[in-house]
Amino acid sequence: MLDKKVEDLKILFSEEEIEKRTRELAQEINSDFGEKEDLTLICILKGSSIFCCDLCKHLKMPVQMEFIRVSSYGNAQVSSGHVQALDLTLPNLEGRNALIVEDIIDTGCTMKFLTEILCRTHKLKNLKVVTLLNKKIARKADIEPDYYGFEVDDKFVVGYGLDYEGYFRNLPYVGYFE
Ligand code: IMP
Ligand code: MG
């Protein structure tokens, strides 16, 4: 049984704030990558699904979307540091610009693992990372995103794709349980 209730959530970033920041991030990405060259978005399931879908609508270049699945938390609220690759199937990305889209970078272990494996297995032209949330204070791996929406304290947050035991991904805002 789910032991947390949506009524007990404190809103950290509202739907409007997230929408505004997502548009700003897209503008930055548009101006960095330009509008001519293709960009492959690599969406990390399941957490970044909602952010990725909202972000991509504001991108101006020809965009392709790929989806990969990794797991680092299991059902606990503390990052295990152990990254499990559930499905890393991607087409050949040789010579392409790619942007990893993540919901949150916490210890950074997942992102370090992914950037290393992508660089090793694909001759990319350019690889950048965007994350909606950046839990800088929890960082263990040596990695920083190229773009991030908001910095967060070392709190467990849910909503807008982020889950607790598989729930709360559907909330249009990001919040935490007190
Ligand atoms: P990292 O490897 O520790 O950086 O963890 C990254 C992954 O853990 C993210 O992609 C999220 O799926 C998950 N995660 C980290 N912090 C939170 C949180 O506060 N709420 C929900 N999921 C989280
Ligand atoms: Mg994730």
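All ligand and atom numbering here is 1-based and tracks the order in the structure. From a predicted model like this one, the values you see are computed outputs, not experimental measurements.
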Practice problem: Report yes or no: does Lys140 have a heavy atom closer than 4.0 Å to ligand 1? | Solution: no

Quiz prompt | Within-shell test, Lys135 vs ligand 1, heavy atom, strictly < 4.0 Å | solution = yes

Quiz item: Taking the six-membered ring of Tyr176 as reference, does the NZ or CZ atom of Lys10 fall below 6.0 Å from its centre and within a 45° cone about the axis?
Solution: no

Quiz item: Under 3.5 Å between some N or O of ligand 1 and some N or O of Val157?
Solution: yes

Practice problem: Measure from the ring center of Tyr173 to the ring center of Phe168 and say whether it is less than 6.0 Å. | Solution: no

Quiz item: Would you call Cys109 a ligand 1 contact, heavy-atom distance under 4.0 Å?
Solution: yes

Quiz item: Is the closest heavy-atom distance from Asp163 to ligand 1 below 4.0 Å?
Solution: yes

Quiz item: Would you say the side chains of Asp32 and Tyr147 form a donor-acceptor pair under 3.5 Å?
Solution: yes

Exercise. Before giving the answer on side-chain hydrogen bond (donor to acceptor under 3.5 Å, both in side chains), spell out for Thr22 and Glu19 the whole-Å C-alpha distance, their side-chain angles and the decisive distance to 0.1 Å.
Key: CA-CA 5 Å; Thr22 301; Glu19 202 201 312; over 6 Å; no

Exercise. State whether the shortest distance between N or O atoms of Leu162 and N or O atoms of ligand 1 falls below 3.5 angstrom.
Key: no

Quiz item: Any side-chain donor paired with an acceptor under 3.5 Å for Glu151 and Asn134?
Solution: no

Self-check item: Numbered atoms and elements of ligand 1 in range of Thr110, under 4.0 angstrom, heavy atoms
Solution: 1 (P), 2 (O), 5 (O), 6 (C)

Exercise. Answer yes or no for Val158: is there a heavy-atom contact with ligand 1 below 4.0 Å?
Key: no

Quiz item: Taking everything shown except Lys60 itself, do over 12 heavy atoms lie less than 6.0 Å from its NZ?
Solution: no

Quiz item: Which ligand 1 atoms does Lys155 reach within 4.0 Å, using its non-hydrogen atoms?
Solution: 19 (O)

Quiz item: So, for Ile105 and Arg139, which heavy atoms are closest and what is the spacing to 0.1 Å?
Solution: O-NH1, 3.4 Å

